[in-house]
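The first residue of the sequence shown is numbered 1, and numbering continues consecutively from there. Only heavy atoms go into these numbers, but all of them, side chains included; no hydrogens, no water, no symmetry mates.
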Amino acid sequence: MQKKDQSKKDQSKLEFIVLMASLMSLVALSIDAILPALEQIGFSIHINEESNNQLLVTMIFLGLGFGQLISGPISDSLGRKPIIYVGFLLFVIASFICVNAASIEMMVFGRILQGIGLSAPRTISIAMVRDSFSGNYMAKIMSFIVVIFILVPVVAPAIGKIMLDIYGWKSIFYSQLIYGALVMFWLWKRQPETLKKENRIKFSFNLFSNGLKEFVKYRQAIIFTLISGFITGSFMVYLSASQQIFQEQYLLVDEFPYIFAGLAISVGFATFLNGSFVMRFGMHKLVSFFLIIFSIVPIIYIVLFYQKENPSIAVLLLFFALQFFSIGFLFGNLRALAMQPVGHIAGIGAAINGFVSTIMAVPIATFIGYYVATTTLPLFIGFFVCGILSLLLLNFTKLTPVNE
């Protein structure tokens, strides 16, 4: 009988992990699936400067950042699931705006609105994990969620390329709506509400300001949120500039989806290993070690290729793979460390964490991405600067004990 109960618990836990990953994957799908189509979308809406195509990626992050400030706090008051449904409805409206856009201004507006809508499933899924788990075990669960989440960037560009070639770029947006509708049905049918009524915060217009005052009491939450911003910003440069790097600098148009998938596997493999390593070494030690790796890899690249042409594609991919392997150990642990002391305001905590890291990331990505025109060197300089600033911030966590 005990074995039967344990089997049911394990099955329920597995379904929870896959469902939370699916909710988060809506964001990844909306970003990565359109990467092969940026040039065609730019042509359709009359974008003259090719570097402006990156706005179609970075602006969705802007919406994600601001949207979290609304969806996270309200979910602490009204429950997690209803706010996710509202966010998805907004995403549907925004997707139709994108499909019918005739100018870059309208497309950018649609992408920002998409981000605002998607901020609900992205932020609240993390709050739901924090509702259910804590400490290193929370980091372990987050690692497994991110492993599945990483599968979307692996396949999304390839799916986007196939749909682009057969049906045109608009079909990519329609496919996201179908996927999202299936996930919403699954959430409604199978997932109980994780925030119990007795743990809800009474709704008021001071909900966010009170939550912010509570959040800033915890140095751990602030520092790891700022580090997340630097790491996310440097990675966002790669996301927004990858099409330009591989398709234009290296002329690998057909190969681009497969290269993108291979590098995503590097992140996924590291995240998978993190699920085991975090229980043995702890979140803080892993973050410390891999921030050093994150900073060393670009130093080597800069020394080897400063004021030189791009290296061969094999060499570039090796450096990218090493960089993203370290990122795989950072994403989940940084988020879990930031969320650990604010479990009693998980929705607001996830919102503030996501907002600050995203709002930091967008200008970082926009600024560095502007220089990634003919060479990848600015990208690695960005990795290095963000890594060093993160290591400096990490030193401040040693002044206070870190709860794991």
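- Side-chain atoms of Asp131 and Lys196, non-hydrogen and from C-beta on, never get closer than 4.5 Å to each other.
- Under the 4.5 Å side-chain criterion, counting only non-hydrogen atoms from C-beta, Pro36 is in contact with Phe256.
- Under the 3.5 Å distance criterion, with hydrogens and angles disregarded, a donor-acceptor pair is assigned to the side chains of Trp169 and Ser44.
- Using cut-offs of 30° and 60° for the angle between ring planes, the Phe281 and Phe277 rings count as perpendicular.
- The two atoms that bring Ile34 and Gln176 nearest to each other are CG2-NE2, 4.0 Å, heavy atoms only.
- Residues forming a ring pair (Phe, Tyr, Trp, His ring centres under 6.0 Å) with Phe66 (at least two apart in sequence, or on another chain): Phe355.
- Between Phe383 and Phe320, the ring planes lie perpendicular to each other; the angle is over 60°, past the 30° to 60° tilted range.
- Under the side-chain hydrogen bond (donor to acceptor under 3.5 Å, both in side chains) criterion, Thr375 pairs with Asn310, sequence neighbours left out.
- Residues Asn333 and Phe329 share a closest heavy-atom pair of ND2-O, 2.8 Å.
- Using modelled atom types, one side-chain atom of Gln323 and one backbone atom of Phe294 make a donor-acceptor pair closer than 3.5 Å.
- In terms of heavy-atom proximity, Pro257 sits nearest to Lys161 at CG-CB, 3.9 Å.
- For Glu193 (side chain) and Lys81 (main-chain N/O), a donor-acceptor pair under 3.5 Å exists by modelled atom type.
- Closest of all the heavy-atom pairs between Val372 and Pro378 is CG2-CB, 4.1 Å.
- Using modelled atom types, one side-chain atom of Asp76 and one backbone atom of Ile348 make a donor-acceptor pair closer than 3.5 Å.
- When all heavy atoms are compared, the tightest approach of Thr58 to Ala365 is CG2-CB, 4.3 Å.
- Contact check for Leu26 versus Arg122: no side-chain heavy atoms found under the 4.5 Å cut-off.
- Using bins of under 30°, 30° to 60° and over 60° for the plane-to-plane angle, the ring pair Phe185/Trp188 lands in the tilted bin.
- Ring geometry for Phe235 versus Phe331: interplanar angle over 60°, hence perpendicular rather than tilted (30 to 60°).
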Determine whether Phe305 and Phe380 satisfy the following criterion, ring-ring contact (aromatic ring centres under 6.0 Å, His included), listing intermediate values before the conclusion. CA-CA 10 Å; Phe305 303 108; Phe380 283 91; 8.6 Å; no
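- Remark: Tyr218 engages Glu214 in a side-chain hydrogen bond (donor to acceptor under 3.5 Å, both in side chains) (not counting sequence neighbours).
- Nearest heavy atoms, Gly328 versus Thr271: O-OG1, 3.2 Å.
- If you check the side chains of Thr123 and Gln68, you find a donor sitting under 3.5 Å from an acceptor.
- Residues meeting the side-chain contact (heavy atoms from CB on, under 4.5 Å) test with Leu252, sequence neighbours left out: Tyr250, Glu255, Ile259, Ile313.
- When the shell of 6.0 Å around CZ of Phe43 is examined, it contains 12 or fewer heavy atoms from other residues, nucleotides or ligands.
- Heavy-atom contacts from other residues, nucleotides or ligands closer than 6.0 Å to CE of Met279 number more than 12.
- With contacts defined as side-chain heavy-atom distances shorter than 4.5 Å, the pair Ser295/Leu391 qualifies.
- No side-chain heavy atom of Ser103 sits less than 4.5 Å from a side-chain heavy atom of Ile45.
- For Val356, the side-chain contact (heavy atoms from CB on, under 4.5 Å) partners are Thr225, Leu226, Ile352, Met360, not counting sequence neighbours.
- Among residues two or more places apart in sequence or in another chain, the side-chain contact (heavy atoms from CB on, under 4.5 Å) test is passed with Ile116 by Leu90, Ile112, Leu113.
- Ring centroids of Phe246 and Phe260 are separated by 6.0 Å or more, keeping the two rings apart.
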